[in-house]
**Student:** 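For reference, the structure I am asking about is given below.
Basis for what follows: all heavy atoms, side chains included, without hydrogens, waters or symmetry-related copies. So that the names make sense, note that chain A is the first sequence line, chain B the second, and so on, each numbered from 1.
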Amino acid sequence: MSALVLDQLLFRWPRQAAPCLDIAHFEVAAGERVFLHGPSGSGKSTLLGLLGGVAVPERGRVALLGEDLVRLPNRARDAFRADHIGFVFQQFNLLPWLSALDNVLLPCTFSARRRARAGRPNEEAARLLTELDLAPELWSKPAALLSVGQQQRVAAARALIGRPEILIADEPTSALDAERQQVFIDLLLNEAAAVGATLLFVSHDIRLAAHFDRVVALAEINRAAVEIEP
Amino acid sequence: MKAVLLLAMKSAWARRLTLSIALVAVALSSALLLAVERVRHDARQSFGQSISGVDLVVGARTGGVQLMLYAVFHSGAATNNIRWESFEAIASNPAVAWAVPISLGDGHRGFPVVGTTPAYFEHFRYADGRPLAFAAGQPFAGVFEAVLGSDVARALNYRVGDRIVLSHGMAELGPEHADKPFSVVGVLAPTGTPVDRSVHVSLEAITAIHLDWVGGAPLPGLSIPPEQVRKFDLAPKEITALLVGLKNRADVFRVQRFINNFRGEPLLAVMPGVALDELWQTLGLVERTLFAVSALVVVVGLAGLAATLLAGLNERRRELAILRSLGAGPRDIFLMLTVEGLAVTALGTALGVALLTVGIALLAPFAQAQFGVHLTLRPPAGDEWRLLGAILATGLFASLAPGWRAWRMSLADGLTPRS
C-alpha cells in the first residue's frame, strides 16, 4: 500500500484566480524516503498543509495510509495528523517554555495511539534523545535554552516518538551550518529506516538530496504555473 | 482537549509577568466595584437601622429630609423649635402611646448633646427593634448627669464617674458651660447608630445651663451657680423635636394629619421609614454615579486583559502552529485563548475579593468612626455574587476577541506561520 497518494489534486487560495497546486498524480510508497525539491514560493508550504490536513483541496484526493483526508471531517483530520504524522519544521519547532523532554513527549499527550505505540513514553523519549546524541543534562532544560542544532534534534525525537508511519520534514536544516546539515539528514534517514517510516523531505536545497531513495521536483508534478518569488 | 488546556496553563505560566499585570488590573478594578457595592449596601443598612419602633418623628415645619437629618442624625440645625405645650398636646392624644422630647443645640467636643427624658432609653429602638442597653451605669436622674453613647466614651476615654463640660453649639471650641459640669452616670452599648455619637442629658439640664444665657452668650454680670439652679423653674419651654410611638400603628396617618394640621404652630410629622427612603433617594444619584464609574473601571481592566492577550498573540504564532501540527484543531486554539482570558478574570476577581476583605478589615473602624457606617466583614452575598458573575461574563466576552483572532490565525497559518 502506498503511504501517500495525491490524485487529480487542485488547490486554489481564496480570492485567487490561478490555482496554486494542480497535481495529476503523485505517490510515495510505504517506507520510501523521498526528497521533494522546490524553490521557495513554489507551493511547498501549501502542499504540506494539504498533507497535514490543515487545508483542503478544491478537488482531488489526498490519501495517507489509504485514508482520504479530504473526506474526513475537520476533527478527524486533526486526529489523523496527531496519530500518523511526525513533523519537523525549519526552526522554532519547540515550545520554548517546555523542557526538551516534555517537548518530545508532546505527541503522546495529543494522541493515544502514539502514546500506546511508544510503550513507556518517558523511557522511549529518553531512548530517542540518547540516540540523537543529546546529553541527559540538557533534557530538563527549557527548549529555549538549547542551541539550534540541539533544538532540531529534539524536534526529530518528537517527530519519531510513538513511531508515526509518515515523517514530514520541511526545510529542517535551514538553520544549521553546512556541516551539521548532512549529519542531521543522515540521522533522519536512519531513524526513518529503523522504524520503517515513510519520509518526505521538502527543501529548496538540491545539494541535500544525495542519500534519498528518490528525488522529485515539485515543478515536475505541479502543472499550475506558479510565480516564483524573487 | 485536556492536553491543550494543560499546555495553555504552562504557556500562561511562561508569560506570567505580562499576565500578572493584567491580573492585578482586573483584581484592583473588581475590588473597587465590590467595595462601592459593599459600602453602598452597608451604608444603606446602617442608615435604615438608625431608628425603629418610632412611628412618627415630629419637628417644626420644614422638609422631611431635613427633619430626619437633625432629629435622628443630629446633623444640621433646626430652623425652629417646638413649644412645650405642643409636645404636651401631642403626648396626650389618645392614639399616642408614648412621646419622647428631644432638645438639640449643644455639644461636647464635637459630639452632639441630646436633651431628653429617661423615657428615651426605654422607647428608642434601632435595627430590628433592639432597645438601648447600658454597657455601664444607668439612665440619668439628677440635673447634672449625662449618659454617653459608646463612641463618645471610647473616643474621649470616659468612664462612669468622670466629669464633663458641655459647650454651647456644635463647634468644637465653642463657648463652654464651664460653670456647670456634668458627671457621667451611664455609658450605652454600641448600636451602630447616631446614638453612639451622642451625649444624653435631661431636658432640665438643658434649661439649667442656659439660665444665665441669652441669645447664645452668657449674660454679663450674671452667674447662677449649679447649687442654686433648683430654685428656678427648670421645666422646658421649648424642644427641638419629638419621637412618637402609637398604641396602634394603623392610626399613623390620622395622627400624622393631626400633627401636620396642628393649630398651635406649624409642625411636621414624618414616618421614619418613608423619610429615610427619601433621604437615601437624594443620595441615589451620587451612589449610582459612583457605581457606574467603578463599573467602567472594571471594563477598562478587562479591555486591558484582552489587549494583553491580543498583543501576545503575534509572538505566539509559532506556538500555535506547533500545537496545530501536533493535532490541535482551530477550536482547541480558540478554547485555549478564551480559557486563558477567563482564567485570568476569575483569578483576578478572586484576588479582588481578597483585597476587599483585607481592605474592609483595615478600614472598617475608620468608616465607623468617621462616617458612622458599619462595614461588615463577610463573604460576598446576594448582589455581590451577581456582580462577580457579571465581571466573569464580561471577562469571557473580552476573551472571545483574542480567541477568535487566534482561531482565524491558526486557520490561515496552518502549519507554517507567516511572521
Side-chain angles (χ1 to χ4, degrees), chain A residues 13-14 40 44-56 73-99 102-115 142-144 155 158-159 161-162 164 168 170-171 202, chain B residues 1-20 308-309 311-337 339-340 343-344 403-419:
Chain A
W13 283 108
S40 54
K44 281 181 305 179
S45 308
T46 311
L47 183 60
L48 287 179
L50 290 169
L51 292 175
V54 297
V56 182
N74 290 343
R75 277 262 146 198
R77 255 185 281 129
D78 290 331
F80 186 92
R81 176 169 70 247
D83 284 345
H84 302 287
I85 311 178
F87 284 97
V88 187
F89 296 115
Q90 296 186 7
Q91 49 177 322
F92 312 118
N93 256 312
L94 308 178
L95 298 182
W97 31 267
L98 271 188
S99 73
D102 284 340
N103 262 290
V104 176
L105 287 169
L106 277 174
C108 295
T109 61
F110 276 89
S111 159
R113 185 175 187 272
R114 297 272 290 269
R115 186 164 58 242
R158 188 186 63 200
I161 199 167
I168 295 179
D170 177 17
E171 304 271 14
V202 184
Chain B
M1 185 155 102
K2 220 174 99 192
V4 172
L5 290 184
L6 197 70
L7 282 175
M9 234 165 70
K10 289 184 178 172
S11 168
W13 179 247
R15 286 172 288 114
R16 56 190 175 277
L17 188 68
T18 31
L19 284 183
S20 61
T308 306
L309 293 181
L313 212 47
N314 267 330
E315 294 159 35
R316 297 175 66 194
R317 241 174 149 153
R318 292 259 166 206
E319 183 183 321
L320 300 184
I322 293 167
L323 292 175
R324 280 286 268 150
S325 79
L326 290 167
R331 273 194 289 179
D332 295 321
I333 302 292
F334 170 81
L335 200 71
M336 192 170 156
L337 267 289
V339 165
E340 183 174 313
V344 172
W404 181 77
R405 175 125 176 80
W407 182 69
R408 294 284 310 225
M409 229 175 204
S410 68
L411 270 185
D413 285 359
L415 305 176
T416 41
R418 284 167 260 284
S419 59

**Student:** First locate atom CD1 of A/I168, then atom OG of B/S325, and finally report the distance between them rounded to the nearest 0.5 Å.
**Tutor:** 10.5 Å
**Student:** Measure distances from B/S11 to the heavy atoms of chain A and classify the residue's part below 4.5 Å as side chain, backbone, both or neither.
**Tutor:**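 Both parts, heavy atoms under 4.5 Å.
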**Student:** Tell me, for A/L48 versus chain B, whether the close heavy atoms (under 4.5 Å) come from the side chain, the backbone, both or neither.
**Tutor:** backbone
**Student:** For A/F110 and B/L326, which heavy atoms make the closest approach, and how far apart are they?
**Tutor:**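 Between these two residues, the closest heavy atoms are CB-O, 3.3 Å.
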**Student:** Would you say A/R81's side chain and B/R324's backbone share a donor-acceptor pair under 3.5 angstrom?
**Tutor:** yes
**Student:** Of all heavy-atom pairs between B/G327 and A/A82, which one has the smallest distance, and what is that distance?
**Tutor:** CA-CB, 3.7 Å
**Student:** Examine whether an atom of A/S111 lies under 4.5 Å from a heavy atom of chain B, and if so say whether it belongs to the side chain, the backbone or both; otherwise answer neither.
**Tutor:**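 When you check distances to chain B, no heavy atom of A/S111 falls under 4.5 Å.
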**Student:** A/N93 versus chain B, heavy atoms under 4.5 Å apart: side chain, backbone, both or neither?
**Tutor:**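 Contact with chain B is through the backbone of A/N93 alone.
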**Student:** Could you give me the CA-CA distance, side-chain angles and deciding distance for A/L95 and B/L7, then say whether side-chain contact (heavy atoms from CB on, under 4.5 Å) is met?
**Tutor:** CA-CA 10 Å; A/L95 298 182; B/L7 282 175; 4.2 Å; yes
**Student:** Just jot down the ring pair (Phe, Tyr, Trp, His ring centres under 6.0 Å) partners of A/F89, sequence neighbours excluded, or say none.
**Tutor:**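 Partners of A/F89 under the ring pair (Phe, Tyr, Trp, His ring centres under 6.0 Å) test: A/F87.
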**Student:** How about B/L323 and A/L106: do any of their side-chain heavy atoms sit closer than 4.5 Å?
**Tutor:** no
**Student:** Given heavy-atom pairs under 4.5 angstrom as the criterion, report whether the side chain, backbone, both or neither of A/L94 touches chain B.
**Tutor:** backbone
**Student:** Among residues two or more places apart or on two chains, list those pairs meeting salt bridge (charged side-chain N to carboxylate O under 4.0 Å, His left out) that have a residue in residues 5-17 of chain B.
**Tutor:**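 For residues 5-17 of chain B, and leaving out neighbouring residues, the salt bridge (charged side-chain N to carboxylate O under 4.0 Å, His left out) pairs sorted by first residue read B/R15-B/E340.
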**Student:** Within the supplied structure, the quantity of interest is the number of heavy atoms (other residues, nucleotides, ligands) at a distance under 6.0 Å from B/R331 CZ; does it exceed 12?
**Tutor:**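 Counting neighbours around CZ of B/R331, 12 or fewer heavy atoms of other residues, nucleotides or ligands fall under 6.0 Å, so no.
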**Student:** Less than 4.5 Å apart, any side-chain heavy atom of B/I322 and any of A/R158?
**Tutor:**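 The answer is yes; the side chains approach within 4.5 Å.
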**Student:** Is it the side chain or the backbone of A/R77 that comes within 4.5 Å of chain B heavy atoms, both, or neither?
**Tutor:**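 Neither part.
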